[in-house]
Amino acid sequence: MSDRRKPFPFDEFEPRWQQLWDAEKTFRTPNPGDADFDASKPKFYVLDMFPYPSGAGLHVGHPEGYTATDIIGRAKMRQGFNVLHPMGWDSFGLPAEQYAIKTGQHPRVTTEANIKTFKRQLKSLGFGYDWDREIATTDPEYVRWTQWIFLQLYKSYFNEETGKAAPVSELEAKGWTREQIDAVRLAYIHEAPVNWSPDLGTVLANEEVEEWKSKGHTVERRPLKQWMFRITKYAQRLIDELDPLDWPEGIKLLQKNWIGRSEGAEVHFDIPGIVSPTAVDDWTEVDGRPPVPSKIAEHVITAFTTRPDTLFGATYMVLAPEHPYVSEITTAEQKDAVESYIKACASKSDLERGDLNKDKSGVFTGAFAINPVNDEQIPIWIADYVMMGYGTGAIMAVPAHDERDFEFAKKFELPIVPVVQRSTGVPPVNPGSPTLHSPYYDPSGNIPTTATERNLPHWQQDGRSYFVTWRLADSLPQEKLNQWKLERAEWTKNHPGELTDDQQAEFHDLFSARIDDWLDQGMGSCLLADPACNRIVASALRHFDGERYDLEAFVVMPNHVHVAVRLHEGEDLSKVLHSWKSFTSKEINKARETSGEVWQDESFDRIIRSPRHLGAVRKYISENPAKAGTTVDEGGLYVKESNGLPPSTGGTPVLPFSDHGTAINSGFLDGLPTAEAKAKMIDWLESEGKGVRRINYKLRDWLFSRQRYWGEPFPLIWNKQTGEHEAIPESELPLLQPDMEDFKPTGDPRGPLVKATDWINYTDQFERETNTMPQWAGSCWYYLRYCDPRNNDRFIGEDVESYWSGTPEGQSAIGNRQSAMVDLYVGGTEHAVLHLLYARFWHKVLHDLGHLSTNEPFQKLVNQGLILGEDGQKMSKSRGNVVNPDEVVRDYGADALRLYEMFMGPLTEVKPWQMKGVEGVSRFLARVWRVAMEQDQAGEWTVSSKLQDVPCTDKSLLKVVHETIKKVTDDIAKMSFNTAISQMMVCTNAFTAAEVVPMKEFTLLLSVLNPFAPHLTEEINRLIGGKPQLAHQPWPEHDEAALIESEIEIVVQVNGKLRDKITVAKDAPKEDIEAAAQATDKIQEQLAGKTVRKIIVVPGRLVNIVAH
RNA sequence: GGCGGCUUGGCGGAAUUGGUAGACGCGUUCGACUCAAAAUCGAAUUCUUCGGAGUGUGGGUUCGAGUCCCACAGCCGCUACCA
């Protein structure tokens, strides 16, 4: 392959141009203060996620994002922006250290070698990076500022009043003690069970556990002292401030879910026998004061719940096995069982705990708690389905309304009390719905329907299936109904025209939802709950089954009836309904010795549209009692047993029911919808001192310590006497790791640095912290350092920071809300949560402390899609489908690789590699080359004789060229590179076909192709005498005049089907177009024997003639 | 289980946001050049019983639907006892 003839001499000119760009510093970005800095130019900061320089070298996935940003950067530069497009290395990391341990080589050596390879590879692709700004997170100067930023966090706390970070010196001034301050620092030391990996010899963040386990390392839980960041204080801001960012909605959602905000309450459960004066939450700060260990904490167990409205249904409690109170509350009889259970859990990995989750396990502690709302004694259990890491590590179990609690209660035969009932109402049906046009029921399409109006629309068709619902008369007073109808009519009058979604919802709330709400409140007599009445209705429904109709399913609920029924030919729904209603009302009155209306006039009915719809209706009916939380009398529920539906559930309610509904069996909450019941319960809890409103987050504080050699050491020292920690002076930064021969993990949880005894010993009084920072530390702020990479006085200069955070006018192509520093950030989804969350956190802290003017780092985020192997599988060495970019460059050139990766498909999509596709794109580049160049007898390339410096006389060629400028410009802004390339191919094909290639127009094509294929275009431009370099030329603008044609082709449709095309003058009046459209032979043929009903003219596009 | 994404020729993918479905490229076929091949150039290429049919399936809205609405299915990704 490599010896095959090159279609154009890329192997000669590509390296030459790369050297020129290097030597000339073509892509150097001037900073404020530089001699060539032009303050009038708007800034544009486009950033790639910097790579971890692994030993394997560049992967074809890397250039995907890098080419995209390079195209944008190059285009923006030529559009007059001061473009910052830097590259660097995320060079700390476990693989380098693991490799070092294996080979005995210092990780710095391997890291530097890897960086060299990466850099060579990136340069061979011709990316326009400003290499003067290259940084590596392992550079001592970079480490200095990483440590400096850590110290800013260490010296700060989160001020609850302002919602911002502030220096702890404020608290010192207020007279806080050392202990109190340490308890609120953003960086704090904490003893907690952590994920300790014995063979890596380090602690891992929860998020990292799976990754390393999958690589075959073991991880266990173990309590250790660790440095933590109080990122949870920023949870709300990390959610809220996501909103204005131009990120993919999916990524925003991922972050929100990760932070996992949930609203609810903490409920305090007293343990009897021990008096609790007031319930105090021992884990929270009160009035912004530092936490005070509660004196009564051991008397009270606090549980977090998102459903305080179900408190009446809480029939037991469950603690996590690790919960600190377990040993205290366990009774003597249960002690052995509890202890052995805890032991069993500890030996289970998280994976086992989670994966084999179907079978619930647990042990009774022997202790009881008091349910504050009804003073009932409820047993306290421990079980591993409750996690110590979320909420308070204790739950109130409501088995009737929580799946997990339900399973547990069933297994251990704990009481189940339903306290929420499904709000009754009609099932969801297609709202947009003239159900009458269903071909399922009438293949002829000729639909004999009658619409009868009786309170509500009443559609009828012969022999169809219906779903009918009607209610007891006293379930809704007529005057109420009438009043609501009037209000609805009024509202409709005030809202003419089409309704927005919101208005539709409002409209629904005004009437249908009101009826449902009313009924759900359990109003009315619910006399059908009486088995006698229930049976009357059921037998009436069955009476004509098989004679006048076939019953599909029905259910008799306490205050309403649902029936799915297929009418026999010739039957009339309203008559059938009437006979049911009149017979049953007579019988019910007789049975109850009453008189008067039993049923409401109103009934709801709809045609069942399809077998599938029928299935849904039957399912709805069969589940209805259970969902509503009621039972029906035997016989009151019927589902035809023929089509694979689950058998009728009889009278047993199906629990758990975890949706919202209406409170029942709940004292003062009865009848309230869930939302209101929640609020009322929280109010009650707070007024009684039995609980507090609480917003809980899934997000945990960030474990920032690692026990490794190859990471930034913490710039902290410990007082050997007092055991207090403090910062080393900033003048001592950077604090580098000592040179060590042996950096193997020791198994000592303090990490390998403990072996460097001299280094540790800071003074006689102090010794150094031996933990190091995780890889995230460097990647959290690298985008800041790029702005000012050689500044030795600050992590980023103030002027520089202000310039690169700026919001100059007129830069709207990418991202329209410039509130963040980086305008465009491109990288893989794998960093969607952690890296981006951590970087945002640091950025916000630095912003709060006054070091940054923006509060978010990345304005627009784009995730490039994964490139799969040629077999459609993920590329991997074991599958042998890995494509090496070096080989592609060798065989086809850098431009071809760049162009192919952009031509494969949309940047964000997952797509398979096709080597044939690279060839295709290479052919395209060769065609561009041959438009300008031809080979003489000797095989030497010379400028083609077709290429002439003459005005372009070919109108259509001129049009294509300007269309191309327009489309490529727009498509780059949209990051739709594949379509831009396709347009340039069209343009090139036009040049290839042309007899004479006008120099000026051809140069325009080169000009827009330049960001995609910089080497080829610069080389051709040089050979044909173009000056200056394209990289220094302004971006071309298209000529609107060249796009306009005097005549346009218009499509003629008859009844929406394409039948002919006509050519008309660009500004022909509508009438002329209509006439011309009807005049053609083909159209005449189509219209023969038909009457033209309507003609639709879409200017410049089509004519549609509607005729029957 | 939850959340998110995707579904258009033999393949990768276009489609001006409701207006000619299949741009562009790959592959395939035919032709030109050539002793021949490669390379290059040109033509054709959704299916079709030549009436039409056709964007995962079924319905709906519309003069008109790949695009909007409803329901369903199938793939892929992430996440998982989150109380």
Side-chain angles (χ1 to χ4, degrees), chain A residues 4-5 7 248-251 253-254 256-258 260 262 264 303-307 310 318 353-355 357-358 360 383-387 389-398 402-405 407-408 428-435 437-440 609-613 615-616 658 696-698 829-830 832-833 865-866 900 903-906 908-921 923-924 926-927 930 967 970 976 978-979 981-986 989 992-993 1049-1058 1061 1093-1096 1098 1100-1107:
Chain A
R4 100 190 209 291
R5 226 175 66 220
E249 284 307 315
I251 302 294
L253 204 69
L254 225 52
K256 282 184 192 168
N257 289 346
W258 188 267
S262 51
F304 174 74
T305 177
T306 54
R307 291 293 300 271
T310 61
V318 187
R353 225 169 125 164
D355 244 16
N357 66 24
K358 283 304 133 211
K360 292 271 182 294
D384 64 1
Y385 82 94
V386 174
M387 304 288 148
Y390 183 76
T392 61
I395 61 157
M396 59 177 229
V398 186
D402 180 281
E403 224 168 291
R404 297 151 297 171
D405 299 344
E407 259 177 66
F408 192 82
V429 286
N430 183 355
S433 72
T435 49
H437 300 300
S438 166
Y440 171 67
R609 287 167 286 120
S610 64
R612 225 172 233 144
H613 184 186
S658 50
N696 199 44
Y697 299 93
K698 235 169 25 176
T829 344
E830 66 272 21
V833 176
L866 199 65
Y900 173 65
F903 187 59
M904 290 171 83
T908 53
E909 226 75 352
V910 179
K911 33 202 184 277
W913 184 274
Q914 291 184 326
M915 206 49 98
K916 281 281 182 194
V918 186
E919 272 177 44
V921 148
R923 271 204 281 271
F924 158 65
R927 281 164 79 97
R930 284 196 312 270
K967 184 153 177 59
D970 293 349
S976 176
N978 54 333
T979 52
I981 294 166
S982 140
Q983 178 63 36
M984 291 188 282
M985 286 172 167
V986 171
N989 290 345
T992 301
E1049 194 181 60
I1050 280 191
V1051 167
V1052 185
Q1053 297 180 337
V1054 176
N1055 295 331
K1057 287 202 172 70
L1058 173 66
K1061 293 173 187 180
R1093 297 284 160 93
K1094 199 171 171 185
I1095 300 180
I1096 288 125
V1098 181
R1101 241 178 240 300
L1102 60 72
V1103 179
N1104 188 13
I1105 302 168
V1106 185

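Order of the sequence lines fixes the chain letters, A, B, ..., with proteins taken first and strands second; residue numbering starts at 1 for each chain.
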Given the [atom1] atoms of [N] and [M], what is the spacing between them in whole Å?
| N | M | atom1 | result |
| --- | --- | --- | --- |
| B:G42 | B:A53 | C1' | 32 Å |
| B:U8 | B:G58 | P | 16 Å |
| B:A14 | B:C76 | C1' | 23 Å |
| B:C68 | B:C3 | C1' | 24 Å |
| B:G27 | B:C11 | P | 15 Å |
| B:U46 | B:G5 | P | 33 Å |
| B:U45 | B:A38 | P | 24 Å |
| B:G12 | B:G51 | C1' | 34 Å |

Using atom [atom1] of [X] as one end and atom [atom2] of [N] as the other, report the distance to the nearest whole Å.
| X | N | atom1 | atom2 | value |
| --- | --- | --- | --- | --- |
| A:K911 | B:G12 | NZ | C1' | 11 Å |
| A:K1057 | B:G51 | NZ | P | 16 Å |
| A:L254 | B:C82 | CG | C1' | 16 Å |
| A:Y390 | B:U79 | OH | P | 18 Å |
| A:I395 | B:A83 | CD1 | P | 11 Å |
| A:W258 | B:A80 | CH2 | C1' | 11 Å |
| A:Y385 | B:G1 | OH | C1' | 17 Å |
| A:R404 | B:A83 | CZ | P | 7 Å |

Is there side-chain contact between [X] and [Y], with at least one heavy-atom pair below 4.5 Å?
| X | Y | value |
| --- | --- | --- |
| A:V1103 | A:I1095 | yes |
| A:Q1053 | A:L1102 | yes |
| A:I395 | A:T305 | no |
| A:I1105 | A:R1093 | no |
| A:T992 | A:R930 | no |

Problem - Watson-Crick and G-U pairing of RNA chain B, under 3.5 Å, as dot-bracket with | and [ ] - result: (((((((..(((......[....)))((((((.......))))))((....))..(((((..]....))))))))))))....

Say whether, by atom type as modelled, one donor and one acceptor occur between the side chain of [X] and the main chain of [Y] under 3.5 angstrom.
| X | Y | answer |
| --- | --- | --- |
| A:N1104 | A:I1096 | no |
| A:D402 | A:D405 | yes |
| A:N1055 | A:A1107 | yes |
| A:K967 | A:I981 | no |
| A:R307 | A:S658 | yes |

Exercise for the section: Would you give a per-nucleotide map of nucleotides 15-25 of chain B, 5' to 3', where B means the base has a protein non-hydrogen atom under 4.0 Å away, S means only the sugar-phosphate does, and - means neither? Expected result: -B--BB--BBS

Handout entry: Per-nucleotide protein contact string for nucleotides 4-10 of chain B (B base, S sugar-phosphate only, - none; heavy atom under 4.0 Å)
Key = S-S----

Exercise for the section: Fit a plane to each ring of A:W913 and A:Y900, take the angle between them on a 0 to 90° scale, and name the class: parallel (under 30°), tilted (30 to 60°) or perpendicular (over 60°). Expected result: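 The rings of A:W913 and A:Y900 stand perpendicular, inter-plane angle above 60°.
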
Exercise for the section: Please work out if A:R930 contacts a base, only the sugar-phosphate, or nothing of the nucleic acid, heavy-atom cut-off 4.0 Å. Expected result: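 It contacts sugar-phosphate atoms only.
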
Syn or anti for [N]? Use the chi torsion, O4'-C1'-N9-C4 for purines and O4'-C1'-N1-C2 for pyrimidines, with syn inside 90° of 0.
| N | answer |
| --- | --- |
| B:U17 | syn |
| B:G51 | syn |
| B:G13 | anti |

Handout entry: Set of residues satisfying side-chain contact (heavy atoms from CB on, under 4.5 Å) with respect to A:V833, sequence neighbours excluded
Key =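 Testing A:V833 for side-chain contact (heavy atoms from CB on, under 4.5 Å), a comparison that skips the adjacent residues, returns A:L254, A:W258.
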
Problem - Residue list, side-chain contact (heavy atoms from CB on, under 4.5 Å) with A:S982, at least two apart or on another chain - result: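 A:S982 satisfies side-chain contact (heavy atoms from CB on, under 4.5 Å) with A:F903 once adjacent residues are dropped.
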
Exercise for the section: Give a yes or no on whether A:E830 atom CD has more than 12 heavy-atom contacts from other residues, nucleotides or ligands under 6.0 Å away. Expected result: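 Yes.
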
Set out, line by line, the N/O atom pairs under 3.5 Å between protein and nucleotides 45-50 of chain B.
none

